[in-house]
A.B. asks: 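Here it is: the structure, laid out below.
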Amino acid sequence: QDGSIQAGDNFLRLKKIAPDYAYVDGAHTLTVEARGYATDPEVEKGPYDMAGGMFNPKARGRSFRFFMQGTGDFRFGDFEAYAAPDGRRR
């Protein structure tokens with residue numbers, strides 16, 4: 001058997017995001033969109049100021065999208081997103 005009916009019922013809680021900047025000149029923000037299922041509307045969290053370091057978006061879902069916007073010059077490496085299991089759908 002290739003999986004089960006319950007395989008897609010588990011959600012994640014996005015606990016914190018840690019951006020990795022080498023340098024920043026200007027203002028830069030990150031917006032998180034979370035979605036429980038493909039047909040569910042997106043829940044937008046943010047925008048968050050990325051120059052301030054680590055932040056907690058408190059987003060819950062099965063899929064996430066990240067949008068970065070800004071002005072000025074910057075060098076951006078990887079960002080780390082920490083998530084934890086958050087049970088089943090509500």
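Hydrogens, waters and symmetry mates are skipped; everything else that's a heavy atom, side chains included, is used. Residue numbers count from 1 along this sequence. The shown structure was predicted, so the numbers you read here are calculated from the model rather than taken from an experiment.
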A.B. asks: Distance check, rounded to the nearest 0.5 Å: Lys15 atom NZ versus Tyr82 atom OH?
C.D. replies: 13.5 Å

A.B. asks: Going by side chain to side chain donor-acceptor pair (under 3.5 Å), name the residues that satisfy it together with Arg65, two or more places apart in sequence or in a different chain.
C.D. replies: Glu33, Glu42

A.B. asks: For Asp73, what residues pass the side chain to side chain donor-acceptor pair (under 3.5 Å) criterion, not counting sequence neighbours?
C.D. replies: Tyr23

A.B. asks: Using the ring pair (Phe, Tyr, Trp, His ring centres under 6.0 Å) criterion, which residues pair with Phe64? Sequence neighbours excluded.
C.D. replies: none

A.B. asks: Mind listing the closest non-hydrogen atom pair of Arg13 and Asp86 along with its distance?
C.D. replies: NH2-OD2, 3.1 Å

A.B. asks: Can you see which heavy atom on Gly53 is nearest to which on Pro19, and at what distance?
C.D. replies: O-CD, 3.5 Å

A.B. asks: Are side-chain heavy atoms of Arg62 and Tyr37 found at a separation under 4.5 Å?
C.D. replies: yes

A.B. asks: Would a distance-only check, ignoring hydrogens and angles, find a side-chain to backbone donor-acceptor pair under 3.5 Å from Tyr48 to Pro57?
C.D. replies: yes

A.B. asks: With sequence neighbours excluded, what pairs up with Lys58 under the side chain to side chain contact (heavy atoms under 4.5 Å, CB included) test?
C.D. replies: Asn56

A.B. asks: As an exercise, state the distance from NE2 of His28 to CG of Asp49, rounded to the nearest 0.5 Å.
C.D. replies: 10.0 Å

A.B. asks: Taking side chain to side chain contact (heavy atoms under 4.5 Å, CB included) as the test, write out the residues that go with Ser63, two or more places apart.
C.D. replies: Arg35

A.B. asks: Distance from Leu30 atom CG to Met68 atom CE, nearest 0.5 Å?
C.D. replies: 7.0 Å

A.B. asks: Who are the ring pair (Phe, Tyr, Trp, His ring centres under 6.0 Å) partners of Phe66, not counting sequence neighbours?
C.D. replies: Phe79

A.B. asks: Let me confirm one number: the NZ-OG1 distance from Lys45 to Thr31, rounded to the nearest 0.5 Å.
C.D. replies: 12.5 Å

A.B. asks: How long is the span from the CG atom in Asp20 to the CG atom in Asp78, to the nearest 0.5 Å?
C.D. replies: 6.5 Å

